[in-house]
Every structure is written in C-alpha cells, then in structure tokens.
Amino acid sequence: MKLWQMFSRAMLLRCPSCGKGQIFRAHCRMFHHCECCGRQYDQADGYFLGSIYINYALTALFVVIGYPILVFGYGYSEDVIVWLAFAFCLVFPLWFFRYARSLWLGIDQLFDPTENSQDADETRTL
Ligand SMILES: [Zn+2]
C-alpha cells in the first residue's frame, strides 16, 4: 500500500485494506468489520488512542498556525482570536473524529498490513 492510497482511502472513510467497505454507519458509529473484505476495525481496547493524537495534533497545528496569521496578517484583536480558537477547538475535533480514526486505521494498515488485505496478498506473491 502506498501512502497516497492510504490517505485517499482514509479521507473517503473507506476500509484501509480493500478500499471498498465503509468504516462508519453513522457519524460516530463504526462498523465492527469491513463488509467487503472482513477486516476487523476495532482490534483491541484502546486501539483508537492513536486517532486522538492525530486529532489533537491537527487541531493544535491549525490554531498555532492560524493565530499569528489572523493577528499579524489580518489585524484581528487577540480577544476575538481567542474566542475563534476556542470555538474551533470545540468544533473541529468533533467534525474530524471520523477522519482521524480512518487515518489511524490507514497508518496501522500501512505499517502492519493485515493478513486478509489485498496488499498483504500482493506482497506475498512478489
Ligand atoms: Zn475491506
């Protein structure tokens, strides 16, 4: 599996193994496994802890980059920016939750391909 393939599957919220099955059935409800290839998504307790790191890191990165741009580039007052950043820090992680989990699944697939994945099969035949 290539990096761009992992990233595109993650952004489409598709199974990291086959790219066909959906990961989420509703906004916060995941399927237990892929309906196409059978890959199990939630592999152990605490498996998705890494997705929280992804979500936090991206949220913090946007605030750290956006704050000086809005203050020094556009002249917004710091009071306004603090409230905007506060609102962003509440809303963005909730919206990005699914993508963070999907990215985490993709990163896991990239570094530790599951046995039932097509990529693992391709690797074995090479
Ligand atoms: Zn699948």
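Order of appearance sets the numbers: ligands from 1, and atoms from 1 within every ligand.
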Enquirer: What orientation do Tyr76 and Tyr74 show, parallel under 30°, tilted 30 to 60°, or perpendicular over 60°?
Expert: tilted
Enquirer: Does Tyr47 form a side-chain contact (heavy atoms from CB on, under 4.5 Å) with Tyr41? I'd like the steps, not just the answer.
Expert: CA-CA 9 Å; Tyr47 175 74; Tyr41 294 139; over 6 Å; no
Enquirer: Give me the one residue out of Phe86, Phe62, Tyr56 that meets ring pair (Phe, Tyr, Trp, His ring centres under 6.0 Å) with Phe92.
Expert: Phe62
Enquirer: Keeping waters out of it, list the protein N, O or S atoms under 2.8 Å from the Zn ion (ligand 1).
Expert: Cys15 SG, Cys18 SG, Cys34 SG, Cys37 SG
Enquirer: Give the ring-plane orientation class for Trp95 versus Tyr99, where under 30° counts as parallel, over 60° as perpendicular and anything between as tilted.
Expert: tilted
Enquirer: Salt bridge check: are Asp108 and Arg39 linked by an N-O gap of less than 4.0 Å?
Expert: yes
Enquirer: Answer yes or no: is there a donor N or O on one side and an acceptor on the other, between the side chain of Arg14 and the main chain of Gln22, under 3.5 Å?
Expert: no
